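Keep in mind that this is a model prediction, so the values were computed, not measured.
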Amino acid sequence: MVGQLRQVLPRRGVGRALACACVGALLIAWSKCAASQDGSPEPREHSELDATVFAPFHAARGERGTQARSAQSRTFIVRLSYPDEGRPHAVRWTLTLSGPGPQGAVLRRWSGTEQVGAGGKSVNLPWDGRADADARERRMLAPDGLYALRLLAVADAGTPREAQVEQQWQIQVQRGASTAPRVPAFRAGLLQLPSLDGQPGYRIVYANLHSQTRHSDGGAALNDCHGAQEPQTAPFGPIDAYKYAQDHGLDALLTSEHNHMYDGSDGTNSTAEPAEAKTLYQTGLAEAAAYTAAHPGFLALYGMEWGVINKGGHLNIFNSDQLLGWERNARGELLADVATPKSDYAALYALMRERGWIGQFNHPAQTGQFLVNGQPLGYTPDGDAAMVLCEVMNTSAFSTNDGETETRRSNYEAACNRALAAGYHVAFSSNQDNHCANWGASYGNRTAVLVASPAAGMSVSRDSFLDALRARRVFATMDKHAQLLFTANGKLMGERFDNHGPLQLSTHFSNDTGRQAAAVAIFHGVPGGNGSVTQVSDQAELTLTPAPGPHFYYARLTQDDGNIVWSAPVWVNQLP
C-alpha cells in the first residue's frame, strides 16, 4: 500500500507537500485498521466486555437510622459495557446469591440478555431479603450471615472477540446482634509486634500502582473524559498526576503508560520516529525522579503497561529504564528501545528476569490472558521471578468520580488465585487504572506496601519501595485507613520458609477511622497444583499441621462497611 501511494505523489513543490501530508494521514488511519493475523480488524484497547455488580453490603436504612424492616431489602445493580467500536452485542448475564457462608447453597438467581454497546446498560435487581423467590414461600427470610453474589456475563459467540467476565462480592444479612470474629488489633503504622521480634520496623506506603496520563491514553479533564483518550492528545501528563495524587493524600503513584502508544497511536503509526517514542519514555522517567526529589514524603514512579488485552493481557513493569515494544514504522524501524514480541509472555518474563525488572498482572482474566503454552496465566520460572503483584480489585478505569465513592468496582480474586495455584508467588494489589484526571480519587482503595523504615528524617526511596515489592510485603485494601498483617509462626506475609510441626496463622487488623471486622477468612492452596483455593477458617487465628509439601495461605478481612482487605500470602514448605 505504501508503494502504491508513493507512485501517485507529485514530484515536487507544494502539491507534493500536501500530498505527503495526506498520505501520512492515510497511513496512520490504515495502520489503525490493520488486520490481525486471522484477517479480522485489530481491536483497539479497552474495547472488551466490562461487567460489574454493585451490591450494598448492608440493607437500606430507615428514616430513623435503623435497618429497613426485617426483610433486609436492597437493590443490586448489574452494569454492562462493550465499547467494541460502538457495535452492540448480545450479552447474557446471570447473577446468583448463595449462602450463608462459603459452602452455602444458591438461594436466588436472576438472568437476562441485553444488547450492549459503548453506552452500556444497567439492570436494577431488587432483593426483598428472602431466601426463596417463590411467592408461596414468602415467610422464608434469609438467615443472618454473609452471602456471596456471583455475576457471570458472556458476550454472544457470533463476534470476533467472544468475552466472559466473572465477578463476586459479599453482602451481609444482620437482624440480631453482631457475631463478628475477634481480630487482634495493633498500633497503627505497623511499627512492631511482639510476634515479630527481631523484625525491622516498617512504614506503610499507600500507593496507586496503575494509572495513565497523556503519555498514552489518559489525562483528560473530568468534565471531558468519556473513556480512553486518543494517545497523547489529553492535557495532563505525569507531573500533573503526581501533584494531584499527593494533594489527595496518596504516598505514591505509578503512571503506567501503554508501551505501544508511544508512537501517538492506538494502532501502529507508520510515520512515527523511533527517537521521539524513546525520548518520551525517558522524559517520563526523568520527571518522576525530579518530582520525588522535589517533594519529600511522596514517591513518584513511572513505568509501562505492556501488552494488549485481546489475545494477550496487560501487565505493568515497574522499573524498566528502557521502552519495550513490537511496533515498527514504514521503514521497519522499531518504535522502542528493546524488541519484545507481541503477546509472547514467556519471552517477556525471561527478559524481565534477566534485567531484574518486576511486574504486576493487571485486571487479570481467568481465560484467554497471559498465555504460556496455551494455558491462561501459564507458569514459567522466569515469570515467577519477575511477577510480584496481582490486581485483586480495581475501580472503573474510566471513572470521573473524585470523591472516592465510585460504585463500578471489579474483583479479580478468582484469577489471582489461579495464578497462585499455578505456582506464581504474587501478592495482591488494588489500584484504579485511572484514565481521567482523578488519580487515586475515584475510590479509597490502595496497594499498601510495607517498606523498611528509613532513617530519621529520610523519605522512602524508590529502591527500598521496589525491594518491598520483591519481598511481597504488600496488602491490598479497599479502605485507605485499614492496616492488615498476616503471619505464619511469626514470619511476615510474603515470606517463603520451611516448617516442621504445627503452623500458627495469625491475622491482625486496625483501622484509623474505627471500622471493625465483620468477617475474616483464611484461605489455602497448593502452589503448582493448579487446584482450587479453599477457605480453611473463619477466624483470625488458626493452628494446624499441614501435609508434607508446599502450601500457601492468605487472609481476607471484610470490614463492617463491606470494604475488603487482602493480605499477601505466606508460602510454606512443610517438611515431614
Side-chain angles (χ1 to χ4, degrees), residues 43-53 79-84 120 151-155 161 163-169 207-212 216-218 227-228 254-261 303-318 343 345 348 359-371 376-378 383 387-399 406-420 422 424 426-436 439-440 442-443 445-447 474 476-478 564 566:
R44 292 173 61 88
E45 291 283 39
H46 309 297
S47 61
E48 68 280 357
L49 172 66
D50 184 46
T52 61
V53 56
R79 294 190 178 98
L80 306 168
S81 177
Y82 201 161
D84 194 23
L151 171 67
L152 181 65
V154 182
R161 295 185 296 286
Q164 177 174 313
V165 176
E166 182 177 342
Q167 292 287 299
Q168 185 163 306
W169 293 103
N208 178 19
L209 298 180
H210 189 182
S211 69
Q212 284 76 32
S216 59
D217 60 348
L254 171 74
T255 52
S256 48
E257 311 293 354
H258 290 280
N259 72 301
H260 60 94
M261 295 185 184
M304 76 187 83
E305 185 169 17
W306 189 95
V308 295
I309 288 188
N310 182 259
K311 298 178 182 177
H314 287 163
L315 61 83
N316 276 352
I317 302 177
F318 295 119
S343 300
Y345 290 91
L348 177 68
Q360 166 183 269
F361 292 116
N362 289 350
H363 39 70
Q366 294 193 68
T367 59
Q369 288 191 358
F370 309 109
L371 296 176
L377 288 160
M387 302 305 293
V388 299
L389 298 179
C390 181
E391 284 185 336
V392 70
M393 176 264 164
N394 272 355
T395 47
S396 170
F398 309 124
S399 171
E406 178 59 63
T407 58
R408 292 171 297 164
R409 305 189 290 265
S410 296
N411 184 310
Y412 307 103
E413 188 170 359
C416 291
N417 279 341
R418 179 166 187 156
L420 289 168
Y424 280 100
V426 287
F428 297 121
S429 58
S430 179
N431 303 304
Q432 299 193 7
D433 195 7
N434 309 99
H435 284 70
C436 306
W439 297 277
S442 66
Y443 200 67
N445 63 307
R446 303 285 187 266
T447 299
V474 178
T477 177
M478 293 174 64
I564 302 173
W566 293 263

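Of the N and O atoms on the side chains of Asn310 and Glu48, not one donor lies less than 3.5 Å from an acceptor on the other residue. Between the side chains of Glu406 and Thr395, no donor-acceptor pair of N or O atoms lies under 3.5 Å. A side-chain donor from one of Glu391 and Asn431 sits under 3.5 Å from a side-chain acceptor of the other. Residues Arg79 and Thr407 bring a donor and an acceptor atom of their side chains to less than 3.5 Å of each other.
Here Thr447 contributes atom OG1 and Phe428 contributes atom CZ; the two are 12.0 Å apart, rounded to the nearest 0.5 Å. Note that CD of Gln360 is 9.0 Å distant from CD of Glu305, once rounded to the nearest 0.5 Å. Between the CG atom in Leu49 and the CD1 atom in Ile309 there is a gap of 11.0 Å [rounded to 0.5 Å]. Between the CH2 atom of Trp306 and the CG atom of Leu348 there is a distance of 5.0 Å, given to the nearest 0.5 Å. Between atom CG of residue Asn208 and atom OG of residue Ser442 there is a gap of 8.0 Å, rounded to the nearest 0.5 Å.
Nearest heavy-atom pair across Tyr345 and Val308 is OH-O, 4.0 Å. The two atoms that bring Asn316 and Leu209 nearest to each other are ND2-O, 2.9 Å, heavy atoms only.
Side-chain atoms of Tyr424 never come within 3.5 Å of backbone atoms of Cys390 as a donor-acceptor pair (strictly under, hydrogens ignored). With hydrogens and angles ignored, the 3.5 Å screen pairs no side-chain donor or acceptor of Glu166 with any backbone N or O of Leu152. Ser430 places a side-chain N or O within donor-acceptor distance of the main-chain N or O of Met393, the cut-off being under 3.5 Å. Put simply, the side chain of Thr255 never gets that close to the backbone of Gln212: no donor and acceptor are under 3.5 Å apart. Side-chain N or O atoms of Asn411 include one that pairs as donor or acceptor with a backbone N or O of Gln168 at under 3.5 Å. Between the side chain of Gln432 and the backbone N or O of Tyr443, at least one donor-acceptor pair lies under 3.5 Å. Judged by distance alone, with hydrogens and angles left aside, the side-chain atoms of Asn259 form a donor-acceptor pair with the main-chain N or O of Gly307 at under 3.5 Å.
The side-chain heavy atoms of Cys416 and Val426, taken from C-beta on, include no pair separated by under 4.5 Å. In this structure, the side chains of Ser429 and Val392 stay at 4.5 Å or more apart for every pair of heavy atoms.
Exactly one residue among His258, His363, His314 makes a ring-ring contact (aromatic ring centres under 6.0 Å, His included) with His210. That residue is His363.
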